[in-house]
S.K.: 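Sharing a structure here in structure tokens format.
Chain naming here is simple, since letters A, B, ... match the order of the sequence lines and numbering starts at 1 in each.
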Number of protein chains: 2
Amino acid sequence: MAEDIVAGVMRQWQQVLPELDTAPMAVIGRLNRCSALLQQAADAPLRREGLTRPEFDILGTLRRTDRELTPGRIARETFASGAAVTKRLRQLEQRGLIARRPDDRDRRVTHLSLTDEGRELLDRLLPEQLGYEAALLDGLGTRNQERLAGSLGELLVLLEGRLGSLLDS
Amino acid sequence: MAEDIVAGVMRQWQQVLPELDTAPMAVIGRLNRCSALLQQAADAPLRREGLTRPEFDILGTLRRTDRELTPGRIARETFASGAAVTKRLRQLEQRGLIARRPDDRDRRVTHLSLTDEGRELLDRLLPEQLGYEAALLDGLGTRNQERLAGSLGELLVLLEGRLGSLLDS
DNA sequence: AGCATGTGTTTTATGAGTAAAAGATATTTC
DNA sequence: GAAATATCTTTTACTCATAAAACACATGCT
């Protein structure tokens, strides 16, 4: 069983400051490091199509909600700022992957939807992307993946809940 | 047991594309989301001291390796670009937290170390930071944290190993 | 000795993201 | 009906990170 980078870091701390409780690093440090590596590694299929991950997320959001969405709604759904969404939408529209439709009653709002081309690209790319990600996780073992997914789910619920109470600190 | 955001997204996909295998999302999607939330939430003690997380990492790296390091070495150790390290070192030096020493023989290289002030700041801040992170994880349960740390360690070993073979794709 | 090579650091140019302000228009209130 | 208010989108200004070029110098080879 090889040692990962974070374990090495924790061992270093133990030698220099033996009384330090480094336990949180085992979870948070590894989590951040895994995320960084995955984000760098896991988007290869997307990049081949000239899409960034946030752009892909917008296409996916439109596909899975299966209805028109406003820019503001997309911003909330993808946890991005309005400005970032504006830029991505412009880019996606220029590529012909999404289309705008003005609202009938409220001229401030526009509704976005996938074009046929956009849907075709996504439906082709998504299984490929998921397959690639599955390959990255291969070697963990199905049982381990399930446990990991479960634990992360609990943690995520915890963190989402705690977001509200973070305004205090 | 509440449902997390990723579970909701997976359910949406299941309704629109029932044959899609969304299993990787359960791990990778949650992992990325947790990391994003943690990075936003977990650095509060640092920010109070006017330090960014990457700056804090540099101080920590110097402290735990317990010897002088070159900028290049720090860049590799903290997974940052050389340019980013240059800027952070300048900032930390101006604040008097680190000191430069030119190499005796090779005038290209400089050696960096913590000043007394830098070490004092870190030794005060690190336990506080770890305590804060521990509080964030509280509610998961010790057993769950250990399992999570173990699974993430395995995944990390896997991903680190796979980094070399990523040049192929 | 002198020149090429390699290594380590810093600067420059560029791109991406965000917060805050601006712009546009509907809705509410008086 | 007019003015204030609210909401949604887009633009602007700024920060931060990176990649690539530029720079500085030691080392190795001839």
Side-chain angles (χ1 to χ4, degrees), chain A residues 32-33 35-37 39-41 43 46-47 50-58 61-62 67-95 98-113 163 167, chain B residues 32-33 35-37 39-41 43 46-47 50-58 61-62 65 67-95 98-113 163 166-167:
Chain A
N32 285 331
R33 185 82 193 110
S35 182
L37 287 176
Q39 280 172 22
Q40 201 181 6
D43 298 351
L46 271 54
R47 277 194 252 273
L51 280 178
T52 66
R53 163 64 71 163
E55 286 167 355
F56 182 71
D57 282 348
I58 289 180
T61 301
L62 284 168
R67 56 171 170 170
E68 293 179 323
L69 298 175
T70 64
R73 179 75 192 280
I74 289 178
R76 282 188 297 276
E77 200 79 31
T78 62
F79 305 102
S81 71
V85 169
T86 294
K87 226 183 332 186
R88 286 164 197 154
L89 291 179
R90 179 164 47 216
Q91 169 71 12
L92 291 171
E93 190 184 17
Q94 278 175 0
R95 281 189 59 176
I98 62 173
R100 284 178 209 270
R101 182 182 67 77
D103 189 283
D104 299 327
R105 322 181 48 182
D106 187 336
R107 266 175 264 180
R108 292 168 301 182
V109 353
T110 64
H111 300 276
L112 285 314
S113 58
L163 256 193
L167 306 173
Chain B
N32 286 331
R33 186 83 195 109
S35 182
L37 287 177
Q39 280 172 23
Q40 201 180 4
D43 298 350
L46 272 51
R47 277 193 253 272
L51 280 178
T52 67
R53 163 63 69 162
E55 286 167 352
F56 182 71
D57 282 348
I58 290 180
T61 301
L62 284 169
T65 56
R67 55 169 172 172
E68 295 179 323
L69 298 174
T70 64
R73 178 75 192 281
I74 289 178
R76 282 188 298 277
E77 200 78 31
T78 61
F79 305 101
S81 71
V85 169
T86 294
K87 225 180 336 184
R88 286 163 198 155
L89 291 180
R90 181 164 45 217
Q91 169 70 14
L92 291 172
E93 190 186 15
Q94 280 176 359
R95 280 188 58 175
I98 61 173
R100 283 175 209 268
R101 181 182 67 77
D103 189 282
D104 299 327
R105 322 182 46 185
D106 188 337
R107 266 175 266 176
R108 292 168 302 182
V109 352
T110 65
H111 299 277
L112 297 154
S113 58
L163 256 194
L166 271 175
L167 307 172

S.K.: Tell me the interatomic distance from A:D106, atom CG, to C:dG23, atom P, rounded to whole angstroms.
M.R.: 19 Å

S.K.: Kindly say if B:R100 contacts the phosphate of C:dT10, meaning a side-chain N or O under 4.0 Å from OP1 or OP2.
M.R.: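 Indeed, a polar side-chain atom of B:R100 lies that close.
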
S.K.: Decide yes or no for A:R100 and A:L89: does some side-chain heavy atom of the first lie under 4.5 Å from some side-chain heavy atom of the second?
M.R.: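 Heavy-atom side-chain distance check passes, below 4.5 Å.
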
S.K.: Would the base of D:dT9 count as contacting A:R108 through its side chain, where contact means a donor and an acceptor less than 3.5 Å apart?
M.R.: no

S.K.: D:dT7 C1' sits how many Å from A:R105 CZ, rounded?
M.R.: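 Result: 16 Å.
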
S.K.: Which one, C:dG8, D:dC8, D:dT18, comes nearest to the side chain of A:V109?
M.R.: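 Nucleotide nearest to A:V109's side chain: D:dC8.
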
S.K.: Any idea which of C:dT9, C:dT18, D:dA20 is nearest the B:P71 side chain?
M.R.: C:dT9

S.K.: Starting at atom NZ of B:K87, determine the distance to atom C1' of D:dA19, rounded to an integer number of angstrom.
M.R.: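 My rounded result for the distance is 13 Å.
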
S.K.: Under 4.0 Å between a side-chain N/O of A:R107 and OP1 or OP2 of C:dA26, yes or no?
M.R.: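 Answer yes for this pair, as a side-chain N or O of A:R107 is under 4.0 Å from OP1 or OP2.
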
S.K.: Please compare B:R76 and B:R90 by the position of their nearest nucleotide in DNA chain C and report the one closer to 5'.
M.R.: B:R76

S.K.: Using a cut-off of 4.0 Å on non-hydrogen atoms, how would the nucleic acid contact of A:T52 be classed: base, sugar-phosphate, or nothing?
M.R.: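 It contacts nothing in the nucleic acid.
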
S.K.: Check the distance between D:dC16's P and B:D43's CG and give it to me in whole angstrom.
M.R.: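 Whole-Å distance recorded here is 14 Å.
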
S.K.: Would you tell me if any nitrogen or oxygen in the side chain of A:R88 comes within less than 4.0 Å of OP1 or OP2 on D:dT10?
M.R.: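 For D:dT10, neither OP1 nor OP2 has a side-chain N or O of A:R88 closer than 4.0 Å.
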
S.K.: Mind checking the CG-OG1 spacing from B:L112 to B:T70? Nearest 0.5 Å is all I need.
M.R.: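 Interatomic distance, B:L112 CG to B:T70 OG1, rounded to 0.5 Å: 7.5 Å.
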
S.K.: Evaluate whether atom CZ of A:R107 has more than 12 neighbouring non-hydrogen atoms of other residues, nucleotides or ligands under 6.0 angstrom away.
M.R.: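 Open: at most 12 neighbouring heavy atoms sit under 6.0 Å from CZ of A:R107.
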
S.K.: If you define the side chain from C-beta out and look only at heavy atoms, does anything of B:R88 sit under 4.5 Å from B:Q91?
M.R.: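 They are not in side-chain contact.
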
S.K.: For a quick check of understanding: with a heavy-atom distance under 4.0 Å over all strands, which category does B:T70 fall into, base, sugar-phosphate or nothing?
M.R.: sugar-phosphate

S.K.: Once you round it to whole Å, what is the distance between C1' of C:dG8 and CZ of B:R101?
M.R.: 15 Å

S.K.: Taking atom C1' of D:dA19 as reference, at what distance in whole Å does atom CZ of B:F79 sit?
M.R.: 19 Å

S.K.: Rounded to whole Å, please give me the gap between CD in A:Q39 and C1' in D:dT18.
M.R.: 16 Å

S.K.: Nearest to the A:T86 side chain among D:dT11, D:dA19, C:dT9, which nucleotide is it?
M.R.: D:dT11

S.K.: Which residue, A:L51, A:I58, A:T52, forms the side-chain contact (heavy atoms from CB on, under 4.5 Å) with A:P54?
M.R.: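 Output: one option passes, namely A:T52.
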
S.K.: Given atom CG of A:D103 and atom P of D:dT7, what is their separation to the nearest angstrom?
M.R.: 16 Å

